[in-house]
Amino acid sequence: MIQESLKKQLITENGFNWSCETLKYVGGVDLSFSKNHPSIACASLLVLDFQTLDVVYEDFAIVDLTVPYVPGFLAFREAPVLLELIEKMKKSAISSFPQVLMVDGFGLACHLGVLADLPTIGIGKSLHHVDGLTQTRVKQLLQANEDSSSDIIPLIGDSGSTLGAAMRSSEGSSKPIFISVGHRISLASAIEIVKVSCKYRVPEPIRQPNADIRSKSHLRKHGLS
DNA sequence: GCGACAG
DNA sequence: ATCTTGTCGC
């Protein structure tokens, strides 16, 4: 199976020579779907200056997706076009090529990280039910941890492995975000980077593409939308 | 009681 | 993904 083959190549420890202090460019990828035509999407890759959270690079691609969305197999639908955008930027030798990439979805982050050979962090706005993880279980853990110092709890599956962490990025928010172990990065480092890049609930590298594409497609709603 | 499940 | 509902801030 392709997923198992890729899993063997997954590295869950830091494989980079920079630290949070020297991290300069953090990327984000996302797909935004057309309301009218469900198979048409705008894929985006953008890069933020980690210190200022300003967007320093952006690229888009309009695609017609033929692979359907199947829970657990998101990467087969979304990874190809995202990989294209990454390769294109890499080929262009643009100086702001990201040192780490944020990706929507747990498995997609791992999948894309291995294929692009890039450190990736998975960001989830909702929980992917896998390995015995449930919404209620996470809620209970966060509830129990409410008085404690940390707003971050590890997500440990039935298999005993740590798949990521749930983090309440805004005070009092009942909806946490989910940070997954990606590729070539440790969960601890991933959490640090996400914390710093959170202006709102969703970290900027993931939030910005949505806002940007919105305006872009709104601007060109005459042609495609 | 129904439906649960990244995007 | 998108939609809906609820809460809060403008």
Side-chain angles (χ1 to χ4, degrees), chain A residues 2-3 6-7 10 27-46 60-86 101-115 120-140 155-159 161-183 187 190 194 199-203 205-214 216-218 221 224-225:
Chain A
I2 295 171
Q3 287 177 322
L6 289 172
K7 187 174 178 179
L10 189 69
V29 289
D30 191 37
L31 291 197
S32 212
F33 286 84
S34 158
K35 176 152 187 165
N36 305 355
H37 202 312
S39 72
I40 302 285
C42 181
S44 69
L45 162 65
L46 60 88
F60 305 92
I62 303 292
V63 285
D64 191 352
L65 295 173
T66 54
V67 181
Y69 168 65
V70 180
F73 300 93
L74 178 65
F76 295 97
R77 175 172 163 86
E78 297 196 354
V81 62
L82 297 176
L83 191 58
E84 261 180 44
L85 288 174
I86 295 166
L101 188 69
M102 288 192 198
V103 182
D104 266 342
F106 279 38
L108 179 57
C110 302
H111 197 111
L112 202 57
V114 173
L115 291 182
T120 52
I121 300 170
I123 302 294
K125 294 182 278 292
S126 62
L127 181 66
H128 181 29
H129 288 215
V130 69
D131 199 10
L133 295 178
T134 65
Q135 198 81 49
T136 49
R137 172 91 184 119
V138 171
K139 223 168 184 181
Q140 283 172 355
L155 296 174
I156 301 168
D158 287 343
S159 68
S161 55
T162 300
L163 301 167
M167 179 179 107
R168 32 173 28 130
S169 43
S170 65
E171 185 70 25
S173 171
S174 58
K175 282 196 173 189
I177 61 168
F178 302 94
I179 305 163
S180 80
V181 178
H183 182 53
L187 182 57
V194 170
K199 260 168 103 173
Y200 307 100
R201 185 174 87 100
V202 176
I206 294 295
R207 195 185 68 89
Q208 284 289 345
N210 289 280
D212 226 60
I213 287 172
R214 290 272 180 239
K216 195 143 188 162
S217 71
H218 206 270
K221 61 160 52 163
L224 301 149
S225 100

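So that the names make sense, note that chain A is the first sequence line, chain B the second, and so on, each numbered from 1.
Looking at heavy-atom distances under 4.0 Å, A:Phe76 makes no contact with the nucleic acid at all. Within the nucleic acid shown, A:Leu127 comes within 4.0 Å of sugar-phosphate atoms alone, with no base atom in reach, counting heavy atoms only. Here A:His128 lies in heavy-atom contact (under 4.0 Å) with a base. As judged by a 4.0 angstrom heavy-atom cut-off over every strand, A:Gly122 is placed among residues making no nucleic acid contact. If you check every strand for non-hydrogen atoms under 4.0 Å, A:Gly107 touches a base.
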- What string of B, S and - do you get for nucleotides 5-10 of chain C, 5' to 3', when a contact is any protein heavy atom under 4.0 Å? ------
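Screening A:Leu74, A:Val29, A:Ile123 for a side-chain contact (heavy atoms from CB on, under 4.5 Å) involving A:Leu108 leaves a single residue, A:Leu74.
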- Please lay out, stage by stage, how A:Val114 and A:Thr120 fare under the test side-chain contact (heavy atoms from CB on, under 4.5 Å). CA-CA 9 Å; A:Val114 173; A:Thr120 52; over 6 Å; no
- Message: If you apply the rule side-chain hydrogen bond (donor to acceptor under 3.5 Å, both in side chains), what do you find for A:Asp131 with A:Ser159, and how did you get there?
- Response: CA-CA 7 Å; A:Asp131 199 10; A:Ser159 68; 2.7 Å; yes
- Start with the C-alpha distance between A:Leu155 and A:Val138, add both sets of side-chain angles, then the distance that settles side-chain contact (heavy atoms from CB on, under 4.5 Å), and finish with yes or no. CA-CA 8 Å; A:Leu155 296 174; A:Val138 171; 3.6 Å; yes
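When DNA chain B is scanned 5' to 3' for any atom under 4.0 Å from a heavy atom of chain A, the first and last hits are B:dC5 to B:dG7.
A 4.5 Å side-chain heavy-atom check between A:Leu6 and A:Leu115 finds at least one atom pair inside the cut-off. You'll find the side chain of A:Lys7 stays beyond 4.5 Å of the side chain of A:Cys110, heavy atoms only. Using a 4.5 Å cut-off on side-chain heavy atoms (C-beta onward), A:Val81 and A:Leu31 make contact. Side-chain contact between A:Leu45 and A:Asp30 is absent, with no heavy-atom pair separated by less than 4.5 Å.
Legend: side-chain hydrogen bond (donor to acceptor under 3.5 Å, both in side chains) pairs involving residues 64-85 of chain A, not counting sequence neighbours, sorted by first then second residue: A:Ser39-A:Asp64.
For the pair A:Leu31 CG and C:dT2 P, the interatomic distance rounds to 11 Å; values are reported in whole Å. In this structure, CG of A:Asp104 is placed 14 Å from C1' of C:dT2, rounded to the nearest angstrom. Per the geometry, CG belonging to A:Asn36 stands 13 Å off C1' belonging to C:dT2, to the nearest Å.
Not counting sequence neighbours, A:Phe178 has no partner by the ring pair (Phe, Tyr, Trp, His ring centres under 6.0 Å) test.
Nowhere does DNA chain C pair in an unbroken run of 3 or more (Watson-Crick or G-U, both distances under 3.5 Å). Pairs of Watson-Crick or G-U wobble type, with distances under 3.5 Å, never assemble into runs of 3 or more in DNA chain B.
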